Amino acid sequence: MKFESLRGFRDIYPEDAEPRENMFNTAKRVAHSFGFQIIDFPSLEPLDLYRIKSGDELVSQTFSFVDKGGREVTMIPEATPSVVRMLTSKKDLQKPVRWFSLPKIWRYEEPQSGRLREHVQFNADLFGPDTPDADAELIGMAATILDSLGLSGNYEIRMNHRGIMEKILKSMDVQDTSRAFSVIDRFRKLGRDEFIGALDAAGISGKSAELISKLAATRVESVYLKQAISEIVPLTESLSDDLDRVAKTMEMISLFTDSMVVIDFSVVRGLSYYTGIVFEAFDVKGELRSILGGGRYNGLSTLLSGQEIPAVGFGMGDVVLELLLRRNGLWGRQAAIDGYYICMASDAVEMYSMRVAAEVRKRGKTAVRDSGGRKLAAQLRAASSAGLTKSIIIGTREMETESLTIKDMSSGKQSTISYSDFMDTI
RNA sequence: GCCGGGGUGGGGUAGUGGGCAUCCUUGGGGACUGUGGAUCCCCGGACCCGGGUUCAAUUCCCGGUCCCGGCCCCA
């Protein structure tokens with residue numbers, strides 16, 4: 001019987017697990033520096049938590065089952081509902097609340113580039129303030145994480161605003177805006193004629209379709225935002241205010257990163273609960289799907305609990321991010337670890353070598369003990385591949401004189417010093 | 001769920017309707033009874049699974065499965 005990991009699931013060996021851990025640690029460090037605190041929540045939730053919010057399409061793409069008590073449960077397909085539940089069920093939280101998490105999430109779909117059935121998602125949300133500052137801080141944090149990973153200039157942030165899009169579509173007499181959004185969301189994938197055709201199927205045709213097509217193709221920096229819009233639709237006061245807010249947010253974000261921040265009217269994100277700004281980060285070469293995405297969702301807490309709490313958040317999966325880091329040569333293992341590989345030149349020194357290892361570890365350093373039973377050359381070979389900076393060679397000579405031979409693995413130089421002197425120096 | 005392309009040791013590969021399935025690398029050991037990353041030698045390890053055709057299938061056919069890519073969808 002041969003066992004393999006399930007379709008879309010991964011076994012991750014040290015050569016990938018370590019760069020991956022560095023990646024997560026960087027995200028954590030940056031989040032803490034922005035005042036975000038880590039939370040965690042169950043991997044299994046009631047299926048209804050997602051039905052309420054997202055409907056059958058999402059539910060059909062979950063790993064769900066009926067538990068022994070007859071409850072419909074699912075491996076979580078996203079973090080946000082759980083986070084919002086935590087927020088709304090603890091009534092005495094002082095706002096703003098800044099939370100992040102690193103849950104594993106699952107989706108039952110066909111795996112493809114940048115998308116698997118199980119992945120880790122860095123998720124961050126800021127609850128309370130509904131301001132450009134809050135939006136900018138959150139998006140700025142996302143950018144800072146990417147920058148801290150060494151990706152500055154290799155990605156760009158594309159933003160849009162659901163409210164603005166709603167107003168523009170309404171001004172064109174588009175009734176079913178959510179259907180229009182789902183078409184607009186596919187703009188970059190479709191040819192021009194296909195796009196017009198899809199709009200037509202959504203009940204939009206003629207001049208409106210032409211204008212939407214022009215709008216979706218628009219990608220500008222903040223300073224040209226109003227001008228670009230005014231060429232497509234008349235600027236009402238309300239629309240103008242929204243545009244000012246977005247422009248201000250974008251200017252703020254540019255304080256955090258040198259990467260491009262643009263308005264892109266084709267970025268709408270499929271999720272129906274977004275109410276304000278929406279954004280995604282893409283690699284500049286345009287080879288990968290989005291690196292991260294999020295937006296403002298002020299209505300979700302009302303839907304789940306009746307409490308009105310403004311929110312802005314984003315999620316970033318580890319799969320696309322890993323691909324991007326690899327393509328930029330940023331997926332290497334770390335340099336040699338400061339530590340000791342302990343080799344035994346004789347089986348008689350077992351106890352002594354174990355004592356050395358224990359003492360080294362008590363001093364906070366890494367000590368890896370060869371299990372012995374093979375010749376020294378083989379042990380030193382193992383020491384090389386273990387990636388530690390130094391080896392300690394212990395044989396009967398060392399044991400009889402209560403000393404140790406320390407070998408520097410990069411230079412090959414070695415010297416023998418007394419046990420007590422060695423322990424004092426580390 | 002649908003569509004296309006793939007699957008030979010841990011990784012990368014050669015090849016074939018018939019003989020002990022090729023080479024490189026990795027791993028283990030040795031040459032060197034206390035010194036690694038060089039060299040040489042030895043050893044271990046593979047035709048995705050099932051069915052069909054055939055005297056004979058790793059090779060041809062069908063189905064499944066997994067991988068890669070795409071659609072749908074995107075949390």
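A quick note: this is a predicted structure, and the numbers were derived from the prediction, not measured. Here is how names work: the chains are called A, B, and so on, in the same order as the sequence lines, proteins then strands, and each is numbered from 1. FYI, side chains are in, hydrogens and waters are out, and symmetry mates aren't considered; it's all heavy atoms of this structure.
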Lys/Arg N to Asp/Glu carboxylate O, A/Arg71 vs A/Asp67, below 4.0 Å: yes
Cationic tip of A/Arg107 above A/Phe63 ring, under 6.0 Å, 45° of axis: no
SB check A/Arg245 A/Asp242 (cutoff 4.0 Å): no
Atom C1', compared across B/rU16 and B/rC23: separation rounded to whole Å: 16 Å
Pairwise C1' distance, B/rU58 and B/rC20 [rounded to whole Å]: 15 Å
Euclidean distance, atom CD of residue A/Glu280 to atom P of B/rC74 [Å, nearest integer]: 11 Å
Rounded distance in Å between the C1' positions of B/rC2 and B/rG44: 44 Å
Within 45° cone and under 6.0 Å: A/Arg117 NZ/CZ vs A/Tyr108 ring: yes
d(CG, A/Asp125; C1', B/rA75) in whole Å: 12 Å
Base paired to B/rU13 (Watson-Crick or G-U; both N/O distances under 3.5 angstrom): none
Counter-base of B/rC66, judged by Watson-Crick or G-U geometry with both distances under 3.5 Å: B/rG6
Between B/rG50 and B/rG29 - P atom distance, rounded Å: 35 Å
SB check A/Arg186 A/Glu194 (cutoff 4.0 Å): no
P-based separation of B/rG9 from B/rU59 [nearest Å]: 14 Å
Electrostatic pair A/Arg158-A/Glu156, nearest N-O below 4.0 angstrom: yes
Atom-to-atom span, CD1 of A/Ile184 to P of B/rC74 - whole angstrom: 14 Å
Pair A/Glu166 + A/Lys170: basic N to acidic O under 4.0 Å: yes
Flag, side chain of A/Asn160 to backbone of A/Val278, donor-acceptor distance under 3.5 Å: no
Test salt bridge (Lys or Arg N to Asp or Glu O under 4.0 Å) applied to A/Lys365 - qualifying residues, sequence neighbours left out: A/Asp338
Side-chain donor/acceptor of A/Gln61 to base of B/rA75, under 3.5 Å: yes
Nearest-Å distance for atom pair CZ/P, residues A/Arg186 and B/rC73: 5 Å
For nucleotides 62-69 of chain B, list the nitrogen or oxygen atoms of the protein found under 3.5 Å from its nitrogen or oxygen atoms, one pair per line.
from   : atom 1 : to       : atom 2 : distance (Å)
B/rC67 : OP1    : A/Gly8   : N      : 3.1
B/rC67 : OP2    : A/Arg7   : NH1    : 2.8
B/rG69 : OP1    : A/Ser113 : OG     : 3.4
B/rG69 : OP2    : A/Ser113 : N      : 3.3

Nearest-angstrom distance from the residue atom CZ of A/Phe181 to P of B/rA75: 13 Å
Between B/rC68 and B/rC42 - C1' atom distance, rounded Å: 38 Å
Inter-nucleotide C1' distance (B/rC60, B/rC47), Å rounded: 15 Å
Atom pair distance, as rounded to whole Å: CD in A/Gln121 and C1' in B/rC74: 11 Å
Separation between the P atoms of B/rC48 and B/rC43, rounded to whole Å: 26 Å
cation_pi(A/Arg162, A/Phe181) dist<6.0 Å, angle<=45: yes
Protein-nucleotide distance (A/Arg115, atom CZ; B/rG70, atom P), rounded to Å: 10 Å
Electrostatic pair A/Arg10-A/Asp318, nearest N-O below 4.0 angstrom: yes
Contact letters for nucleotides 32-40 of chain B, in which S counts primed atoms plus P, OP1 and OP2 and B counts the base, heavy atoms under 4.0 Å: S-BBBB---
Pair partner, B/rU53 [Watson-Crick or wobble, under 3.5 Å]: none
N/O (side chain, A/Arg374) to phosphate O (OP1/OP2, B/rG30) under 4.0 Å: no
For atom CD of A/Gln379 and atom C1' of B/rG27, their distance in whole Å: 17 Å
Nucleotide opposite B/rC71 in a Watson-Crick or G-U pair, distances under 3.5 Å: B/rG1
